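Heads up: the structure comes next, in structure tokens.
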Amino acid sequence: MSLAELRAAVDAELAATPAYYDFKVLQREPEGALWRVRLEPGYVYAEGQRPGAAAAQALLDDSLDGASAWWGVAPGETRTNARGGGASVLAVRPEDDELVLQNATAPPPAPGLLIRLYPPRFLQAVADAWWDTPWAERAWALLPALARPAAAPAGPALTGEPFRWLRPAQHAALGLAAQRCAYLWGPPGTGKTTALGVLLAEYMATRPQARVLLLSTTNHAVDIATLAVDKALQKGRREALRPDVQRLGTRFDAAAYAGREHLLPTDDTGLIARLARAEAARPSARDAVALKAWADRVAALRDELRAASLQVLRRCRLAAMTTTRATFTLKTLRALAPDEAGDEPPFDLLVFDEASQVSLAQALVLMPLARQWLFAGDPQQLGPVQRAPEREARRWLGRSPFAEMPRGPASSTPQVALLDEQSRMAAPIGELVSQCFYGGVLRVAGDALASPAWATARERALGDIPADTHVHVQAVQRDGGWSAHERGPVRRESAETIAHIVEQALASGAWQPHELIVLTPFRAQRALIRRCLQARGLPDAVKVSTVHRAQGSEAPVVLFDPADGAQPFLQTEDAQRLVNVAFSRAMAKLVVLLSPADAANPLLASLVQRLRLAGDAREVLPLQQLAAAADFPANALGRRVSAGRHVGEVARVSACGSQLWLVNERSGAEQLIDASFWRARAQAGG
């Protein structure tokens, strides 16, 4: 490993990330000062890739809001009548393959011609920082600290005295403040954000001169973390410290700060209220003129906030912003150093929330900003997005700092605090998630089990699914498949089945639209499900999302549609994290739609097997006992057996009799077992 290798990896990722995408125009029409452009569904070209390539699919998404659009001179046009031009993307309507353009310098391309979109190049700021050699060398020198236990700069221990209601693991996490580099591992529903808020509130209270930089991957996540700190300060009766916490940036959810306007970089609380009202009044993208006026009004209000940000950054003690903003404004943050030479870090503690989604390269290049670092998140959930095929790119861009986390029991690793009690998922859902993704360590919190209201909220029937059934497989007959027209994997049968389930649930009056969320790995299937819901006149409040956009959310009912379980992507390590995110959003009901091909997928097969073996009342036969017979391991086939601490059904035996495969009844996964080992134990009698 070397700095040169890391730089090469970042450059490779930049090269693999298309600078632009070309779409073919199907229709264009003016709407006041705006243009509405309908795109041909089956055509997209990413820089460096052939039209129709798999990696060039699934690109038209609302993440392209704000992208730059450009088009060239149409064939046959001369220099004097050329109509090439540009615009910015005001809105994207993926379900209709439509763009709304503003500030166009000329009419967009006619039908059959191409329009080019340039998305924001966030990775360029990371690359620029790594090519700043003095800074890069400081960042590179910190790599060993990620895995090496070391005491933090001297400071009082965090006792958590005002927060006696913390769960044991949450309270133990306060000890991370004593480590120079630490990891707060919070599986779904374990109260990671609450624990982080308390830790930071205690840190500020016990270290009156300390400064903290709190980062997260999305604006929504920054809002949640910032509010958690303020709530902890409030509950801990540390009112004087609350104004020292500031949420930097202008893309916050203004309504979330009602009554907490002191967290925003302005003294004009009326401005915040006006911004909240304006954001709540966003018109539909179908009314492009109204949308343009709304966007201008919100932008003007946000511009009033932006001017005060730098001054606020200098005086506050805890600044919160996105990791992207921190990378883009790295030079500004560096200028806050207390010494003129800039050798001293400007912050005492740098916190990365949702750190599993931050690439190692990006985290490292920000680490010299502080003396101490805390990574909070869950390495078993979605990781950073990485495109380059090179091994080095996977090493530095496809992995998060959690990849460097010390391994071993948390009790013997002071750098790591694992939160092991969850209060989101009903026990059967939580057990499924725990066994499949967390080695069985996750359990329902004692305070949740003691609450009748908690259990009642999770005991609700959904159509034909009884109240006490929390994990349900809904069979569909047809397998999904790739659709060139839809630009991705789709399956109409499961989309229609979901629409029927949602319609029945809402018609019963037992469920509200916001209590149902539909998740799928693929944008094409998401668009199809949305159209099926709309065709039945169902409300838009029923959320239909790709799994990638659902991390951090939860709902009483989750309907998960893999769409096409035979897709190679759904058999990868990244897919395992994706399935974990999908399953662990559910509070009361998890409904998984599976076809025969889906059920054969190694990740999804474990769910089917686990449900099949649930409540198996057959006698458990010790494998050592069966191994004493001459016909072992054939005599174990199909039986419920125990192999040490593992219990399950023997599903297969190798032709030579040297191996057998046990379907673990707790995880549903197949385990390979060495038959000769058990023969030897049987012969030894021990």
Side-chain angles (χ1 to χ4, degrees), residues 14 17-49 51 56 58-125 128 249-251 278-279 282-307 324-325 328 487:
L14 268 175
T17 304
Y20 61 81
Y21 303 106
D22 286 340
F23 296 89
K24 186 174 290 185
V25 174
L26 189 64
Q27 183 182 348
R28 64 175 182 179
E29 58 179 308
E31 193 163 333
L34 307 177
W35 284 90
R36 194 179 294 278
V37 178
R38 181 73 59 85
L39 305 174
E40 185 176 307
Y43 185 99
V44 59
Y45 171 81
E47 179 198 24
Q49 300 171 15
L59 297 172
L60 192 63
D61 192 271
D62 52 14
S63 63
L64 287 171
D65 284 0
S68 299
W70 175 88
W71 51 93
V73 177
E77 290 184 339
T78 66
R79 290 182 178 274
T80 56
N81 68 356
R83 295 187 179 182
S88 62
V89 177
L90 175 63
V92 178
R93 303 189 68 248
E95 62 273 19
D96 291 332
D97 297 295
E98 192 172 82
L99 306 174
V100 178
L101 304 181
Q102 64 178 346
N103 304 322
T105 60
L113 301 180
L114 301 181
I115 186 169
R116 178 168 292 178
L117 300 186
Y118 291 88
R121 296 279 280 177
F122 299 125
L123 188 60
Q124 186 62 59
D128 292 344
T250 61
R251 305 304 301 177
E279 289 182 330
R282 176 180 177 131
S284 167
R286 296 182 184 278
D287 187 347
V289 174
L291 182 63
K292 166 63 173 173
W294 172 87
D296 289 345
R297 184 167 66 255
V298 169
L301 290 170
R302 290 189 179 279
D303 282 344
E304 293 184 46
L305 294 174
R306 190 173 286 112
T324 296
R325 179 183 174 91
F328 274 129
R487 307 191 313 278

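Just so you know, these numbers come straight off a predicted model, no measurement behind them. Side chains included, hydrogens not; waters and symmetry mates left out as well; all remaining heavy atoms used. Counting from 1, the numbers follow the sequence of the chain as shown.
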With side-chain contact (heavy atoms from CB on, under 4.5 Å) as the criterion, how do Lys292 and Asn103 come out once you've worked through the C-alpha distance, each side chain's angles and the decisive distance to 0.1 Å?
CA-CA 10 Å; Lys292 166 63 173 173; Asn103 304 322; 3.8 Å; yes

side-chain contact (heavy atoms from CB on, under 4.5 Å) evaluation trace for Leu117 with Leu99
CA-CA 10 Å; Leu117 300 186; Leu99 306 174; 4.0 Å; yes

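Checking side-chain atoms of Trp71 against main-chain N and O of Ala110 turns up no donor-acceptor pair under 3.5 Å. Side-chain atoms of Thr105 come within 3.5 Å of backbone N or O of Gly86 as a donor-acceptor pair.
One distance of note links CD of Glu40 with NZ of Lys24; it measures 5.0 Å at 0.5 Å rounding. In this structure, Asp296 CG and Leu291 CG are separated by 9.5 Å, a value rounded to the nearest 0.5 Å. With values rounded to the nearest 0.5 angstrom, Leu114 atom CG is found 9.5 Å from Trp70 atom CH2. Leu26 CG to Leu113 CG: the interatomic distance, rounded to the nearest 0.5 Å, is 12.0 Å.
Contact of the Val25 side chain with the Pro108 side chain is not registered, since no non-hydrogen atoms from C-beta on lie closer than 4.5 Å.
Contact between Arg28 and Trp35 at its shortest, heavy atoms only, is CD-CZ3, 4.3 Å. Nearest heavy atoms, Ala67 versus Pro119: CB-CA, 4.2 Å. Taking both residues in full, the closest heavy atoms of Ala288 and Val100 are given as CB-CG1, 3.9 Å, listed atom of the first, atom of the second, then distance.
Remark: Ser68 pairs with no residue by the side-chain hydrogen bond (donor to acceptor under 3.5 Å, both in side chains) rule, at least two apart or across chains. Taking Glu31 as the reference, Arg36 meet the side-chain hydrogen bond (donor to acceptor under 3.5 Å, both in side chains) condition, with sequence neighbours excluded. Not a single side-chain hydrogen bond (donor to acceptor under 3.5 Å, both in side chains) links Asp287 to another residue, sequence neighbours left out.
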